[in-house]
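Here the structure is laid out as structure tokens; the discussion comes afterwards.
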Amino acid sequence: MDSLTQGLLGAVAAQAFCTKSLGKRAGLLGFTAGCLPDADVIIPLLADLDLPFKYHRHFSHALVSIPAVALLAALPFAAFRSFRRQRRALYWAALIGVATHGILDACTSFGTHLLWPFSLRREAWDCLPIVDPVFSLPLIVGWIWSARRKRAKPCLLAFAFVILYGLFGVWQHHRAEETLAELARHRGHTLEHHRLLPVPGSLVLWRGLYHDKGKIYGDNIRVPWIGEAGFQSFGSRPKFDRNRGFAKQPPSPEELDLLTRFETFSDRFLGVAPDHPDRLGDLRLSHHFNWDPYWGLTKPQDEITLPVWEAGYSSPSAEDFSELWERIFSGARYETL
């Protein structure tokens, strides 16, 4: 999730279990520890990486890294005289804060190298959006309430809520997956490989993608908390063949290596964006409810230079929020089988 929510979860967890030993300072340490793994975003600034995501959510998020990252988080606090007799409690609070980070990221669609170095697979459980106010706001309330009352109970309640909300996300994912499977059967397709990704800000809207016979099919699936699921298809795109490259001819070894790593990162959902034929996009994530990817590789026109990473972030407009709101609370755009 976003770093702020990561910090909030770390703060609430540390405050919930370390209030007796550290008081309200436990939350501050937990917040710092919960954010620290995301310091890996500075790696692209220190090294010239062809794929900037290469080391994001990587070794700093792994389960085996938790003790070391917790130590780094606790050391600055241990330097203060008021904490010197509480070093063990400091470390435990930092350990709890860091431990929440990788698990929460694994619940999202971007995924994380949770089992590094034993596995390089990105764990992505697709049960929580990358950003979700319903998840974040109770953490803020619980932390503030707990700090003012100097009690652990509000943080325990907030922590319990987000766990239950995550389990609800698992159930919603299951319902969306059943809808996608039914859609594929109705079309005479086979779900060779598929993903259901929650749209940022909601467990109601899901982006359904699947492979069938050389194509990637996409559907927006609406799963209301109560009621029947609906769908809206946004068509299909041909799967990108990395062995043919951008120019429809065998790529150089360097380009093939780059494309292979990008294909692994995107979980094999690579395709050329309809409005940008020179851009190879990660079709899992989109600006809108279509094939407009957040990021991808753009091939320079000289056909010699390696493809260049390009992120197409744009600030959400009032129209974007209005559309999201309408899609969450109205099923008018969605069909049912």
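The basis for the numbers below is simple: all heavy atoms, side chains too, and nothing from hydrogens, waters or symmetry mates. A quick note: this is a predicted structure, and the numbers were derived from the prediction, not measured.
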Using side chain to side chain contact (heavy atoms under 4.5 Å, CB included) as the criterion, point out the one residue from Glu254, Glu255, Arg261 that pairs with Asp257.
Arg261
Just do the side chain to side chain contact (heavy atoms under 4.5 Å, CB included) check on Ile130 and Asp2 with the steps written out, would you?
CA-CA 7 Å; Ile130 295 175; Asp2 60 282; 5.9 Å; no
Just by modelled atom types, is the Asp267 backbone N or O under 3.5 Å from a matching donor or acceptor in the His193 side chain?
yes
Salt bridge check, Arg242 against Glu263: does any charged N sit closer than 4.0 Å to a carboxylate O?
yes
Would you say the side-chain atoms of Arg195 and Ser109 include a donor-acceptor pair closer than 3.5 Å?
no
About how many Å separate CD of Gln15 and CG of Leu29, when rounded to the nearest 0.5 Å?
10.5 Å
Donor-acceptor pair, side chain of Ser236 and main chain of Tyr217, under 3.5 angstrom:
no
Any side-chain heavy atom of Leu36 within less than 4.5 Å of one from Val98?
no
How far apart are the C-alpha atoms of Thr190 and Arg185, what are their side-chain angles, what is the distance that settles it, and do they pass the side chain to side chain contact (heavy atoms under 4.5 Å, CB included) test?
CA-CA 7 Å; Thr190 302; Arg185 286 193 298 268; over 6 Å; no
Among residues at least two apart in sequence or on other chains, which ones pass side chain to side chain donor-acceptor pair (under 3.5 Å) with Arg187?
Tyr210, Asp219
ring-ring contact (aromatic ring centres under 6.0 Å, His included) assessment of Trp143 paired with Phe31
CA-CA 10 Å; Trp143 186 19; Phe31 183 88; 5.7 Å; yes
Starting at CG of Leu258, measure out to OG of Ser252 and round the result to the nearest 0.5 Å.
9.0 Å
Taking the ring centre of each residue, are His211 and Phe269 less than 6.0 Å apart?
yes
Does any part of the side chain of Ile221, heavy atoms only, come nearer than 4.5 Å to the side chain of Leu205, both counted from C-beta?
no
Salt-bridge test for Arg333 and Glu323: reply yes if a basic N is under 4.0 Å from a carboxylate O, no otherwise.
yes
How many angstroms lie between atom CG of Leu128 and atom CG of Leu203, to the nearest 0.5 angstrom?
6.5 Å
Decide whether Val64 and Tyr55 are clustered together by the hydrophobic rule: side chain heavy atoms of Ile, Leu, Val, Met, Phe, Trp, Tyr closer than 4.5 Å, transitively.
yes
Are Leu280 and Lys299 side-chain neighbours, meaning at least one heavy-atom pair lies under 4.5 Å?
no
Evaluation steps, side chain to side chain donor-acceptor pair (under 3.5 Å), between Thr108 and Arg57
CA-CA 12 Å; Thr108 67; Arg57 296 194 181 186; 3.0 Å; yes
If hydrophobic clusters are built by linking Ile, Leu, Val, Met, Phe, Trp and Tyr wherever their side-chain heavy atoms come under 4.5 Å apart, do Leu197 and Val170 end up in the same one?
no
Ser202 side chain to Pro198 backbone, donor-acceptor under 3.5 Å:
no
OG (Ser146) and CG (Leu156) are apart, to the nearest 0.5 Å, by 8.0 Å
Checking side chain to side chain contact (heavy atoms under 4.5 Å, CB included) for the pair Val204/Val223: CA distance, chi angles, key distance, verdict?
CA-CA 5 Å; Val204 171; Val223 187; 5.8 Å; no
Within a reach of under 6.0 Å around CZ of Phe80, are more than 12 heavy atoms found that belong to other residues, nucleotides or ligands?
no
Pro274: which residues meet the side-chain contact (heavy atoms from CB on, under 4.5 Å) condition with it, sequence neighbours left out?
Arg237, Trp291
Please step through ring-ring contact (aromatic ring centres under 6.0 Å, His included) for the pair Phe234 and Phe289, ending with a clear verdict.
CA-CA 8 Å; Phe234 52 92; Phe289 297 86; 8.8 Å; no
Connected via hydrophobic side-chain network under 4.5 Å: Val134 and Leu139
yes
Can a donor-acceptor pair be found between the side chains of His113 and Glu123 at a distance below 3.5 Å?
no
In the single-linkage hydrophobic clustering (I, L, V, M, F, W, Y; side-chain heavy atoms under 4.5 Å), do Leu115 and Phe265 co-cluster?
no
So do the side chains of Arg222 and Phe231 get within less than 4.5 Å of each other, counting heavy atoms only?
no
Starting from the C-alpha separation in whole Å, work towards a yes-or-no answer on side chain to side chain contact (heavy atoms under 4.5 Å, CB included) for Asp38 and His101.
CA-CA 9 Å; Asp38 277 344; His101 193 112; 3.2 Å; yes
Is there a donor in the side chain of Ser286 and an acceptor in the side chain of Asp292, or the other way round, less than 3.5 Å apart?
no
Consider only side-chain N and O atoms of His186 and Glu182, and report whether a donor and an acceptor are under 3.5 Å apart.
no
Between His174, His194, His173, which is the residue that forms a ring-ring contact (aromatic ring centres under 6.0 Å, His included) with Trp206?
His173
To the closest 0.5 Å, what do you measure between CZ (Phe59) and CG (Leu120)?
13.0 Å
Output yes when a side-chain donor or acceptor of Arg268 lies under 3.5 Å from a complementary backbone atom of Lys239, and no otherwise.
no
Criterion side chain to side chain donor-acceptor pair (under 3.5 Å) on Thr298 and Glu310, from CA distance to verdict
CA-CA 7 Å; Thr298 299; Glu310 181 182 4; 2.5 Å; yes
Spacing of CG belonging to Leu167 relative to CD belonging to Gln172, to within rounding of 0.5 Å
12.5 Å
Any Leu63 side-chain heavy atom under 4.5 Å of Trp116 side chain:
no
Under 3.5 Å side-chain donor-acceptor pair for Thr5 and Ser136
yes
Side-chain (Thr260) to main-chain (Leu256) donor-acceptor, under 3.5 angstrom
yes
When Asp105 is tested against each of Arg122, His56, Gln6 for side-chain hydrogen bond (donor to acceptor under 3.5 Å, both in side chains), which residue passes?
Gln6
CA sep, side-chain torsions, deciding dist, call: Trp92, Phe17, ring-ring contact (aromatic ring centres under 6.0 Å, His included):
CA-CA 9 Å; Trp92 279 111; Phe17 298 106; over 10 Å; no
Does the plane of the ring in Phe168 sit parallel, tilted or perpendicular to the ring in Tyr165? Use 30° and 60° as the thresholds.
tilted
Out of curiosity, does Phe135 fall in the hydrophobic cluster containing Trp171 (side-chain heavy atoms, cut-off under 4.5 Å, transitive links)?
yes
Indicate yes or no: at least one non-hydrogen side-chain atom of Val12 is less than 4.5 angstrom from one of Leu8.
no
Evaluate the side-chain proximity of Leu114 to Trp125: yes if any heavy-atom separation is below 4.5 Å, no if none is.
yes
Intermediate values then yes/no, ring-ring contact (aromatic ring centres under 6.0 Å, His included), Trp309 and Tyr294:
CA-CA 11 Å; Trp309 176 264; Tyr294 276 129; over 10 Å; no
Quick check: does any side chain N or O of Arg175 sit under 3.5 Å from a backbone N or O of Ala229, one acting as donor and the other as acceptor?
no
Can you confirm whether Leu22 sits close enough to Gln86 that some side-chain heavy atom of one is under 4.5 Å from a side-chain heavy atom of the other?
yes
Less than 3.5 Å apart, any donor N or O on the side chain of Glu228 or Thr336 sitting next to an acceptor on the other?
no
